[in-house]
Amino acid sequence: MKTVQDYIRTIPDFPHEGIMFRDVTTLFNDPRGFRIAIDQLLHPYAGQPIDKVVGLEARGFILGGAIAHQLSLGFVPIRKKGKLPGKTIEQPYTLEYGEAVMEVHDDALQAGEKVLLVDDLLATGGTAEAGIKLIERMGAEVIGCAFIIDLPDLGGRKKLEALNMDVHALCEFEGD
């Protein structure tokens with residue numbers, strides 16, 4: 001029986017030489033693999049109260065939308081600066097090669113709502129941390145952070161756990 005990791009393609013030297021890019025589009029392309037991933041991302045949160053699913057740009061939108069549909073919940077996108085049409089709040093964060101800004105509509109979450117944060121990959125944790133800060137600034141509570149892939153050597157899990165986040169990943173790859 002195939003695991004989620006079996007559906008993920010590795011592309012060497014993308015986007016830069018020396019990087020082993022973990023491509024989840026091959027997972028999304030396979031109906032069985034995609035179903036397994038969604039079910040396994042949801043499993044640890046079964047029975048927990050969740051009000052909204054938040055997905056981080058861009059592959060987190062695919063996962064978050066599917067999870068929100070499965071749970072009959074609303075979906076909230078957190079996007080790169082300048083991509084959302086309404087009034088937003090923003091959160092800067094640090095990348096390996098500079099800085100960026102994430103945004104969410106200022107009316108997307110209500111105080112007290114319980115939120116599941118999802119994305120495809122946890123690397124350094126910068127994007128997820130920015131998403132968590134946006135969610136918390138709106139008064140909502142992150143009940144968990146779910147990812148397909150964790151790259152433990154890059155320290156993202158430790159960063160999120162230091163923020164008292166519950167972190168769930170379906171598989172790990174060593175290195176970057």
| task | Decide yes or no on side-chain contact (heavy atoms from CB on, under 4.5 Å) for Ile50 and Tyr45, but give the supporting numbers first. | result | CA-CA 8 Å; Ile50 302 171; Tyr45 306 103; 4.0 Å; yes
| message | With heavy-atom distances below 4.5 Å as the criterion, would you say the side chains of Leu134 and Met102 are in contact? | response | yes
| task | Measure across Val104 and Leu84 and return the closest heavy-atom pair with its distance rounded to 0.1 Å. | result | CA-CD1, 3.7 Å
| side-chain contact (heavy atoms from CB on, under 4.5 Å) evaluation trace for Leu117 with Ile132 | CA-CA 8 Å; Leu117 179 74; Ile132 291 164; 3.9 Å; yes
| Step by step, would you call Glu129 with Leu163 a side-chain contact (heavy atoms from CB on, under 4.5 Å)? | CA-CA 9 Å; Glu129 181 181 21; Leu163 297 171; 3.8 Å; yes
| field | Donor-acceptor pair between Asn29 and Tyr7 side chains, under 3.5 angstrom | value | no
| message | Keeping His168 on the side-chain end and Ala146 on the backbone end, is there a donor-acceptor pair under 3.5 Å? | response | no
| query | What is the minimum heavy-atom distance between Ala128 and Phe147, and which atoms define it? | reply | CB-CZ, 4.0 Å
| Any donor-acceptor pair under 3.5 Å from Gln5 side chain to Glu172 backbone | yes
| Is Thr3 close to Cys171 at the side-chain level, that is, under 4.5 Å between some pair of heavy atoms? | no
| Counting heavy atoms not belonging to Lys87, are there more than 12 under 6.0 Å from its NZ? | no
| query | If you take all heavy atoms of Gly86 and His105, which pair is closest and at what distance? | reply | N-NE2, 3.0 Å
| query | Would a distance-only check, ignoring hydrogens and angles, find a side-chain to backbone donor-acceptor pair under 3.5 Å from Glu103 to Gly82? | reply | yes
| said: Is any side-chain heavy atom of Asp153 closer than 4.5 Å to one of Glu174? | reply: yes
| request: Please round to the nearest 0.5 Å and tell me the distance separating atom CG of Asp120 and atom CZ of Arg22. | output: 13.0 Å
| task | Measure the SG-CG distance between Cys145 and Leu116 for me, rounded to the nearest 0.5 Å. | result | 8.0 Å
| task | Report yes or no: does Glu99 contribute a side-chain atom to a donor-acceptor pair with the main-chain N or O of Tyr93 at less than 3.5 Å? | result | no
| Heavy-atom distance under 4.5 Å between the side chains of Val115 and Glu141, does that happen here? | no
| Is there a side-chain contact between Ile67 and Phe75 (heavy atoms, below 4.5 Å)? | no
| request: For residues Glu90 and Arg137, report the shortest heavy-atom separation together with the two atoms involved. | output: O-NH1, 2.6 Å
| task | Write down the atom of Glu113, the atom of Asp51, and the distance for their closest heavy-atom approach. | result | CA-OD2, 3.3 Å
| Lys159 atom NZ, over 12 foreign heavy atoms within 6.0 Å | yes
| request: Can you measure from CG (Leu73) to NZ (Lys52) and round to the nearest 0.5 angstrom? | output: 9.0 Å
| Tell me, do Val76 and Val53 make a side-chain contact under 4.5 Å, heavy atoms counted? | no
| message | Between Asp150 and Arg157, does any NZ, NE, NH1 or NH2 come within less than 4.0 Å of an OD or OE carboxylate oxygen? | response | yes
| query | At what distance, to the nearest 0.5 angstrom, does CG of Leu151 lie from CG of Leu122? | reply | 7.5 Å
| task | Report yes or no: does Asp30 contribute a side-chain atom to a donor-acceptor pair with the main-chain N or O of Leu27 at less than 3.5 Å? | result | no
| Short side-chain to backbone donor-acceptor contact, Asp106 and Ile89, under 3.5 Å | no
| Spacing of Gln48 atom CD and Ile143 atom CD1 [to the nearest 0.5 Å] | 4.5 Å
| Is the shortest heavy-atom distance from the side chain of Ile148 to the side chain of Leu41 under 4.5 Å? | yes
| Can you name the closest pair of heavy atoms from Ala68 and Gly74 and give their distance? | CB-O, 3.9 Å
| Do the side chains of Thr25 and Arg9 get nearer than 4.5 Å, heavy atoms only? | yes
| said: Under a 3.5 Å threshold, yes or no: a donor from one side chain and an acceptor from the other, between Thr26 and Asp23? | reply: no
| query | After noting the C-alpha distance and the side-chain angles of Phe61 and Leu56, does the key distance pass the side-chain contact (heavy atoms from CB on, under 4.5 Å) rule? | reply | CA-CA 6 Å; Phe61 296 172; Leu56 300 173; 5.9 Å; no
| message | To the nearest 0.5 Å, what is the distance between OG1 on Thr10 and CZ on Phe173? | response | 5.0 Å
| field | Between Gln70 and Arg35: side-chain donor-acceptor atoms closer than 3.5 Å | value | yes
| Is a side-chain N or O of Glu136 found less than 3.5 angstrom from the main chain of Lys133, in a donor-acceptor match? | no
